Amino acid sequence: MSEALKEARVAFEEDEVPVGAVIVHDSRIIARAHNQIKLLKDPTAHAEIIAITQAASYLGNERLINTTMYATIEPCSMCAGALVLARIKRLVYGAVDPKTGACGSVFNITNSRKLNHRIKVSKGILETECAALLKEFFSRLRQPIDMSAGSPRKSAG
């Protein structure tokens, strides 16, 4: 999870929502990614999706059998669906997402009996650190804008 947090910090520095993900196979990281939605102008450029693409390329297979994804936040419905389609064995995530989480919070796509694959899910790993990074990012977004200098910028106070 510490490697996924490193990726989330990269996203934070790039002014992206700080989400990071890594995929492990045979005790080796085979994919690492962070959100790149703004950079790529792509609403699907979530860390989890990019990591799945990298891992599939690395393994030369669309099925990520016997892999584990570590993500800093509970995946959304798009990402949870992709995890199921990729046949990822295990998901470990940090912070719960009570608004869009799809691995047990709002929805439970990763363990739906209606789907043909279920994922072992562990949550709350380094939760405090993962949540703190997200809170800091969103609190910065909510800072008042200083218009006194003629151009918009965040105020010092």
Side-chain angles (χ1 to χ4, degrees), residues 1-25 28-56 64 67-86 88-112 118-157:
M1 184 62 76
S2 61
E3 293 299 311
L5 260 169
K6 286 179 186 177
E7 288 295 320
R9 288 185 188 104
V10 171
F12 184 94
E13 294 303 319
E14 294 175 355
D15 201 30
E16 296 274 3
V17 176
V19 176
V22 298
I23 297 178
V24 174
H25 181 260
R28 293 185 56 205
I29 294 175
I30 62 169
R32 59 175 60 242
H34 57 275
N35 275 4
Q36 296 181 47
I37 296 161
K38 287 183 178 181
L39 174 70
L40 300 175
K41 310 277 188 279
D42 180 356
T44 68
H46 291 200
E48 300 94 329
I49 299 296
I50 295 168
I52 288 169
T53 300
Q54 289 176 3
L64 306 181
T67 61
T68 299
M69 174 178 280
Y70 294 85
T72 56
I73 192 168
E74 179 181 3
C76 69
S77 56
M78 174 183 68
C79 294
L83 292 167
V84 170
L85 291 173
I88 287 183
K89 183 176 184 175
R90 184 170 177 234
L91 166 67
V92 178
Y93 69 85
V96 171
D97 186 347
K99 291 185 179 181
T100 63
C103 303
S105 292
V106 178
F107 303 106
N108 197 355
I109 292 171
T110 52
N111 281 289
S112 172
R118 286 177 248 344
I119 299 170
K120 181 179 179 184
V121 176
S122 302
K123 63 182 179 177
I125 310 305
L126 296 182
E127 180 176 20
T128 302
E129 295 89 335
C130 294
L133 190 60
L134 287 159
K135 286 177 186 171
E136 182 180 351
F137 178 81
F138 287 110
S139 71
R140 284 186 182 187
L141 285 181
R142 294 182 189 107
Q143 288 180 352
I145 303 285
D146 179 6
M147 296 295 286
S148 63
S151 65
R153 66 176 164 224
K154 295 197 177 184
S155 67

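Computed from a predicted structure; not experimentally measured.
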Quiz item: Could you state the interatomic distance from OG1 (Thr68) to CD1 (Ile29), rounded to the nearest 0.5 Å?
Solution: 11.5 Å
Exercise. For Ala11, check side chain to side chain contact (heavy atoms under 4.5 Å, CB included) against everything at least two apart and list the hits.
Key: Glu16, His34
Exercise. Report the distance from atom SG of Cys76 to atom CD1 of Ile49, rounding to the nearest 0.5 Å.
Key: 7.0 Å
Self-check item: Among Leu91, Val96, Asn111, the one residue meeting side-chain contact (heavy atoms from CB on, under 4.5 Å) with Cys103
Solution: Leu91
Self-check item: Working for side chain to side chain contact (heavy atoms under 4.5 Å, CB included), residues Val92 and Met1
Solution: CA-CA 8 Å; Val92 178; Met1 184 62 76; 4.0 Å; yes
Exercise. Of all the heavy-atom pairs spanning Val121 and Tyr93, show the shortest one and how long it is.
Key: CG1-CE2, 3.6 Å
Quiz item: Do Thr100 and Ser77 have side-chain heavy atoms sitting under 4.5 Å apart?
Solution: no
Quiz prompt | Taking every non-hydrogen atom, the tightest pair across Ala80 and Pro75 | solution = N-CB, 4.1 Å
Self-check item: Trace of the side chain to side chain contact (heavy atoms under 4.5 Å, CB included) decision for Glu13 with Arg9
Solution: CA-CA 6 Å; Glu13 294 303 319; Arg9 288 185 188 104; 5.7 Å; no
Quiz prompt | Residue pair Ser122 / Arg90: nearest heavy atoms and the distance that separates them | solution = OG-NH2, 3.5 Å
Practice problem: Apply side chain to side chain contact (heavy atoms under 4.5 Å, CB included) to the pair Leu83 and Ile109, showing each step before the final yes or no. | Solution: CA-CA 9 Å; Leu83 292 167; Ile109 292 171; over 6 Å; no
Practice problem: Give a yes or no on whether the backbone of Ala45 and the side-chain of Gln36 come within a donor-acceptor separation of less than 3.5 Å. | Solution: no
Quiz item: Is there side-chain contact between Ile37 and Val17, with heavy atoms separated by less than 4.5 Å?
Solution: no
Quiz item: Is there a donor-acceptor pair closer than 3.5 Å between any side-chain N or O of Thr72 and the backbone N or O of Leu5?
Solution: no
Quiz item: Would you say Val84 and Ile119 make side-chain contact, with heavy atoms under 4.5 Å?
Solution: yes
Quiz prompt | Residue pair Ile52 / Ala86: nearest heavy atoms and the distance that separates them | solution = CG2-CB, 4.2 Å
Quiz prompt | Under 3.5 Å: donor-acceptor pair, side chain of Glu74, backbone of Asp97 | solution = yes
Quiz item: Which distance, rounded to the nearest 0.5 Å, do you find between the CD of Glu127 and the CD1 of Ile125?
Solution: 9.0 Å
Exercise. Identify the heavy atoms of Ala31 and Ala51 that sit nearest to each other, and give their distance.
Key: CB-O, 3.3 Å
Exercise. Could you grab the distance from atom CD1 of Ile88 to atom CD1 of Ile23, nearest 0.5 Å is fine?
Key: 4.0 Å
Quiz item: If you look only at pairs with a residue in residues 33-54, which of them pass as a salt bridge (Lys or Arg N to Asp or Glu O under 4.0 Å), with sequence neighbours excluded?
Solution: Asp15-Lys38
Self-check item: Asn35 side chain to Ala47 backbone, donor-acceptor under 3.5 Å
Solution: yes
Self-check item: Heavy-atom closest pair, residues Cys130 and Gly94
Solution: SG-CA, 3.9 Å
Quiz item: Under the side chain to side chain contact (heavy atoms under 4.5 Å, CB included) criterion, do Glu7 and Tyr70 qualify, and how do the steps go?
Solution: CA-CA 11 Å; Glu7 288 295 320; Tyr70 294 85; over 6 Å; no
Self-check item: Counterpart residues, side chain to side chain donor-acceptor pair (under 3.5 Å), relative to Glu3 (two or more places apart)
Solution: Lys6, Arg32
Practice problem: Would you indicate whether Phe107, at its atom CZ, is surrounded by more than 12 heavy atoms from other residues, nucleotides or ligands within a distance under 6.0 Å? | Solution: no
Quiz item: Looking only at atom types and distance, does a side-chain atom of Asn108 sit under 3.5 Å from a main-chain N or O of Ala102, one as donor and one as acceptor?
Solution: no
